[in-house]
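Take a look at the structure below.
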2 protein chains.
Amino acid sequence: MRLVVARCSAHYTGRLSAHLPLATRLLVVKADGSVLLHSDGGSYKPLNWMSPPCSMAVSVPDEDAVARGVTQVWAVQHAKSDDRLEIELHEVVHDSSHSLGIDPGLIKDGVEAHLQAMLAEQIELLGTGHTLVRREYPTAIGPVDILARDSTGGTVAIEIKRRGDIDGVEQLTRYLELLNRDPHLAPVRGVYAAQEIKPQARVLATDRGITCVLLDYAAMKGTDDVDSRLF
Amino acid sequence: MRLVVARCSAHYTGRLSAHLPLATRLLVVKADGSVLLHSDGGSYKPLNWMSPPCSMAVSVPDEDAVARGVTQVWAVQHAKSDDRLEIELHEVVHDSSHSLGIDPGLIKDGVEAHLQAMLAEQIELLGTGHTLVRREYPTAIGPVDILARDSTGGTVAIEIKRRGDIDGVEQLTRYLELLNRDPHLAPVRGVYAAQEIKPQARVLATDRGITCVLLDYAAMKGTDDVDSRLF
DNA sequence: GCGTGTATTTCGGCA
DNA sequence: TGCCGAAGTACACGC
């Protein structure tokens, strides 16, 4: 990994065109050849970058560029597309290289899969008498997160999201349409369960007769008996 | 901006829990207090990070940690939530600080907004006699990109994408269903306009009576009289 | 390899 | 400020 701090400008062409005016920035060249261009703010996203696989060619600036104060030019070309990032470096403030080795990677916990597991175990949160049929109930267009039965024996298809957006309603709608063709299951009721449901998603869901349920992750985790296995 | 290369492990708790085993990584501390933890690969996304606003407290490791080889502990706490990132540093390979100043930021060109603006100005690309009603025509489930009238006075709802995928067809279908309930507008015809339309999207659109239109960005830009303001 | 669905998404725009 | 949709989305998992 090479770290360079320099005054620079940059130009990207590929899926869009973008330009970065002259300013001092951090340039990171990773071992796989990818390049990140970071400012001193924003968030984790670089101002500009090139993803691997790509290769970088360093060249001497032409006369015109030298006159503008350019000391070197980096041309980073993506290996499989026309994506191209050109960086003109002016003063270089810092330049160092470091050997990092391969990273063991991140271990995660607490994403949608956990919500699904916990709701499956606490299916009565949807109402007294609800019973689990199975998680990841398979259909022709993909698995339904949870299939259950309510106290009257009616089938309930549940779509789970961390953030309930409008596309989740579409997803559930497609499942419901398919499931309702199965005479063993029909009629199937839909439940959209999420930690947070956007107003527009709620409107669309309600319009289609889908019930919205808010999930309280902390409360569910508190009564989750498999909690202990996490870490 | 502070750059540190060090052998470290990390623990994140917040919207999820995550752990990073001991390895050598780049740690970037930005001027706004945010912290990035990068490996020598992956992509532009850090292995772990803390977004601003947040604050970092450096402390001396306890006896137990010292025994594990920890030389310092960074506790990064988000200012507005419970998000917390703890980093245990072992050997520090590199440590430098740099003043970068405020970045002028990225200037983009060629995104969906440009396509929309240009098509609104060149609405006759859809056929002679087409007139613009308005851009971002509001509905209960979100704004339609462009609403127009054709030469016969019929209403046309236009969905614009850079890359025409299947979800854009779904989106337009929802709008059409809603708009067709409005007696002042009905019947409303749908047009799916994109620089590139995926075969599956084209099939679905055609099946639903939606017209597909390919947008030639370069050609549209050539006749765009506000072109001069870009860059 | 491609398609699908998630993400500590981030980012910008508009009400 | 909050909500909503786009992103050079990236990324993992399924087939």
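Note on naming: letters A, B, ... go to the chains in the order of the sequence lines (proteins, then strands), and numbering restarts at 1 for each one.
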Listed pairs, N/O of protein and of nucleotides 3-5 of chain D, under 3.5 Å:
| from | atom 1 | to | atom 2 | distance (Å) |
| --- | --- | --- | --- | --- |
| D/dC4 | OP1 | A/Gln200 | N | 3.0 |
| D/dG5 | OP1 | A/Gln200 | OE1 | 3.1 |
| D/dG5 | OP1 | B/Ile141 | O | 3.4 |

Rounded distance (Å) that lies between atom [atom2] of [N] and atom [atom1] of [X]:
X        : N      : atom1 : atom2 : answer
A/Arg15  : D/dA6  : CZ    : P     : 17 Å
A/Glu170 : C/dT6  : CD    : C1'   : 17 Å
A/Leu172 : C/dT4  : CG    : P     : 18 Å
B/Lys30  : C/dT10 : NZ    : C1'   : 12 Å
A/Glu136 : D/dC15 : CD    : P     : 11 Å
A/Asp103 : D/dC11 : CG    : C1'   : 16 Å
A/His78  : D/dT9  : NE2   : C1'   : 14 Å
A/Tyr192 : C/dG5  : OH    : P     : 12 Å

How is [X] classified with respect to the nucleic acid when contacts are heavy atoms under 4.0 Å: base, sugar-phosphate, or nothing?
X        : value
B/Met50  : nothing
A/Ser51  : base
A/Tyr44  : sugar-phosphate
A/Leu106 : base

**Prompt:** Parallel, tilted or perpendicular for B/His38 and A/His38, by the 30°/60° rule?
**Reply:** perpendicular
**Asked** Got a sec: does the CG of A/Asp82 have more than 12 other heavy atoms crowding it under 6.0 Å?
**Response** no
**Item:** B/Leu214, CG atom: more than 12 neighbouring heavy atoms under 6.0 Å
**Value:** yes
**Message:** For B/Gly42 and B/Ile160, find the nucleotide of DNA chain D closest to each by heavy atoms; which residue's nucleotide sits nearer the 5' end?
**Reply:** B/Ile160
**Prompt:** Between A/Asp145 and A/Ser43, who's closer to the 5' end of DNA chain C by nearest nucleotide?
**Reply:** A/Asp145
**Asked** Given that B/Leu85 and A/Lys45 both sit by DNA chain C, which one's nearest nucleotide is further toward the 5' end?
**Response** B/Leu85
**Message:** Quick check on D/dA6: is either OP1 or OP2 less than 4.0 Å from any side-chain nitrogen or oxygen of B/Arg162?
**Reply:** no
**Prompt:** Given D/dT9, is OP1 or OP2 found less than 4.0 Å from the side-chain N or O atoms of A/Trp49?
**Reply:** no
**Request:** Identify the two heavy atoms, one from B/Arg135 and one from B/Ala120, that lie closest to each other, and give their separation to 0.1 Å.
**Result:** CD-CB, 3.4 Å
**Item:** A/Arg208/A/Glu170 salt bridge by N-O under 4.0 Å criterion
**Value:** yes
**Asked** Ion pair present between A/Glu177 and A/Arg181, side-chain N to carboxylate O less than 4.0 angstrom?
**Response** yes
**Prompt:** Can you check whether B/Leu185's main-chain N or O pairs, donor with acceptor, with B/Thr155's side chain at less than 3.5 Å?
**Reply:** yes
